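Values in this document were obtained by computation on a predicted structure and should not be read as measured data. When a ligand or atom number is given, it counts from 1 through the structure's own listing order.
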Amino acid sequence: MSYHSLSDASAALRDGSVTSRELTDAALDRASKTEAELHAYLTLDHDGARQSADAADAAFAAGRDSGPFQGIPVAIKDNLVTRGIETTAASQILAGYIPPYDGTAVARLKAQGAVITGKTNLDEFAMGSSTENSAFGPTRNPWNTNRVPGGSSGGSAVAVAAGSALVGLGSDTGGSIRQPAALCGVVGMKPTYGLVSRYGLIAFASSLDQIGPITRTVEDSVAALETLAGHDPLDATSYRGDVPDFRVGFDDGVAGLTIGVVRQLSGEGFEAGVEAAFRRTVDLLSEAGARVVEVSLPSLDVSLSAYYLIAPAECSANLARFDGVRYGLRHDGPTVEEMMTATRADGFGPEVIRRILLGTYALSAGYYDAFYGQAQKVRTKVIQDFEAAYEQADVLVSPTAPTTAFEVGSKTQEPLSMYLSDICTIPSNLAGDPAISVPVGLDDAGLPIGFQVMAPALGEAVMFRVARAVERAVAFEQRPPMLEVWS
Ligand code: GLN
């Protein structure tokens, strides 16, 4: 029962074959059997979840229907503020912070009657690719608990993969939804920049951050985005136009579409199993009637460097607010400056400090042009490369990540090799475009492989259409083998 898709669960709730209370208890029960090993959650809200479930069941009984999330257990990444539930972004500096309001994405789910199971683990302030940078201990991959789940939204991906929630919310600045989804065998999507309000998302790099869903199916990803998307007066950067219809052509398949394989995103550095599953999937799309072409994104080799200047630069400004005065942790000192220094030195973990230092340096007088200014030029070039590629193809495809889930601890001492995990996902953030990861198989070690579909801004419909075709052609149905033991 804890492994329904959102659409199946919604249907079952409506035909009376299941109650929200049963779904919620099943998810919480799964959590109680797996959390000691997986640590997907930082906070589980048993009481709140059961209350919401009972309220949803009462609504169904009274004939009220507020939308597809009514009665559905959803896990929220802990960098999204939740009223009355501790929100830490996995940082000591926020430990004990209980927000007085809900972020808009959370509020939109609640408005439909969603059941919030709890807050999921992440790399501190969403900085990382393995969920090992959490101040509260790592999350582990349900496919193999010696492996990382990816990151930074590793907790939400694991909750969905292990059945302790039906849907998860994540945030994606450089791949943090798609890469953990790929490593955990579930679907993760990053919408077009601005399509989902970031009000109440603890900011990492504001020109890159987006909130998006982690789900078990592409259909569920569409339903989630329909719920989340739309202008929000509380987020001036949110998109003001009409939200496009994400379902145009959804089940039409790929006949007549041109699919661009990104030349730079294969070969050296890509694991053989990943590459093979990717090629197999492209062949299936071709057999299903798509025209497959090769496209080039020449600036790709410098996009990672540009990201690791732009994101730290923005984070150095965004994290200035954690000063010991307004939120969470505070170490007193004889002067304000010493209080702030003591608080920040102790409250931030090593990766966050590394990024603040890098970003502050990149923005400092005398270096700005050489670093930040240059990175912005590369960003413009990435955007132009994508524009040129979309003249040749409707969507672009690549593996979601160069490897499958790596061993816990294997990259923590080498930031650069960790950063390389995002080589395939970062370009879409730099361009502000949507992209989705769909599971397409397992490698020889039995670890999941993700296939990424990228589309131009506001091109979610064609992205979902291709992702749906991939899902149908591949029919990936495996689940973490340990689920049998944990059920
Ligand atoms: N792994 C990337 C980073 O560390 C992306 C993180 C994210 O998308 N939040 O910056």
Residue that, paired with D123, satisfies side chain to side chain contact (heavy atoms under 4.5 Å, CB included) out of S134, S130, P180: S130

Stepwise side-chain contact (heavy atoms from CB on, under 4.5 Å) check, Y3 with R479: CA-CA 10 Å; Y3 224 86; R479 288 167 190 176; 3.2 Å; yes

Best match, C315, S176, A311, P180: closest heavy atom to atom 9 (N) of ligand 1: S176

Per-atom contacts, ligand 1 versus D172 - under 4.0 Å to a heavy atom: 8 (O)

Check against side-chain hydrogen bond (donor to acceptor under 3.5 Å, both in side chains), S207 and E314: CA-CA 8 Å; S207 77; E314 294 184 16; 2.6 Å; yes

Close-contact set for ligand 1 against S152 heavy atoms, below 4.0 Å: 9 (N)

M127 N/O under 3.5 Å from ligand 1 N/O: no

Residue G128 vicinity, atoms of ligand 1 by number, heavy atom under 4.0 Å: 1 (N), 2 (C), 3 (C), 4 (O), 6 (C)

Check: S152 main-chain N/O paired with S176 side-chain donor or acceptor under 3.5 Å: yes

F270 ring center near F278 ring center (under 6.0 Å): no

Face-on cation placement of K411 at F406 ring, 6.0 Å and 45° thresholds: yes

Working for side-chain hydrogen bond (donor to acceptor under 3.5 Å, both in side chains), residues S238 and D232: CA-CA 6 Å; S238 65; D232 174 11; 5.7 Å; no

Sub-3.5 Å N/O-N/O distance, T173 and ligand 1: yes

F125-F204 aromatic ring centre distance below 6.0 Å: no

D78/K119 ion pair, N-O < 4.0 Å: yes

Proximal ligand 1 atoms for G174, defined as those under 4.0 Å from one of its heavy atoms: 5 (C), 7 (C), 8 (O)

Ligand 1 contacted by Y307 (non-hydrogen, < 4.0 Å): yes

Closest approach of any protein heavy atom to atom 2 (C) of ligand 1, naming residue and atom: D422 OD2, 3.2 Å

Contact atoms of ligand 1, heavy-atom distance to F204 under 4.0 Å: 9 (N), 10 (O)

Polar contact flag for A126 and ligand 1 (N/O pairs, less than 3.5 Å): yes

Interfacing atoms of ligand 1 (cut-off 4.0 Å, heavy-atom, Y308): 1 (N), 2 (C), 3 (C), 4 (O), 10 (O)

Close approach, R355 and ligand 1, non-hydrogen under 4.0 angstrom: yes

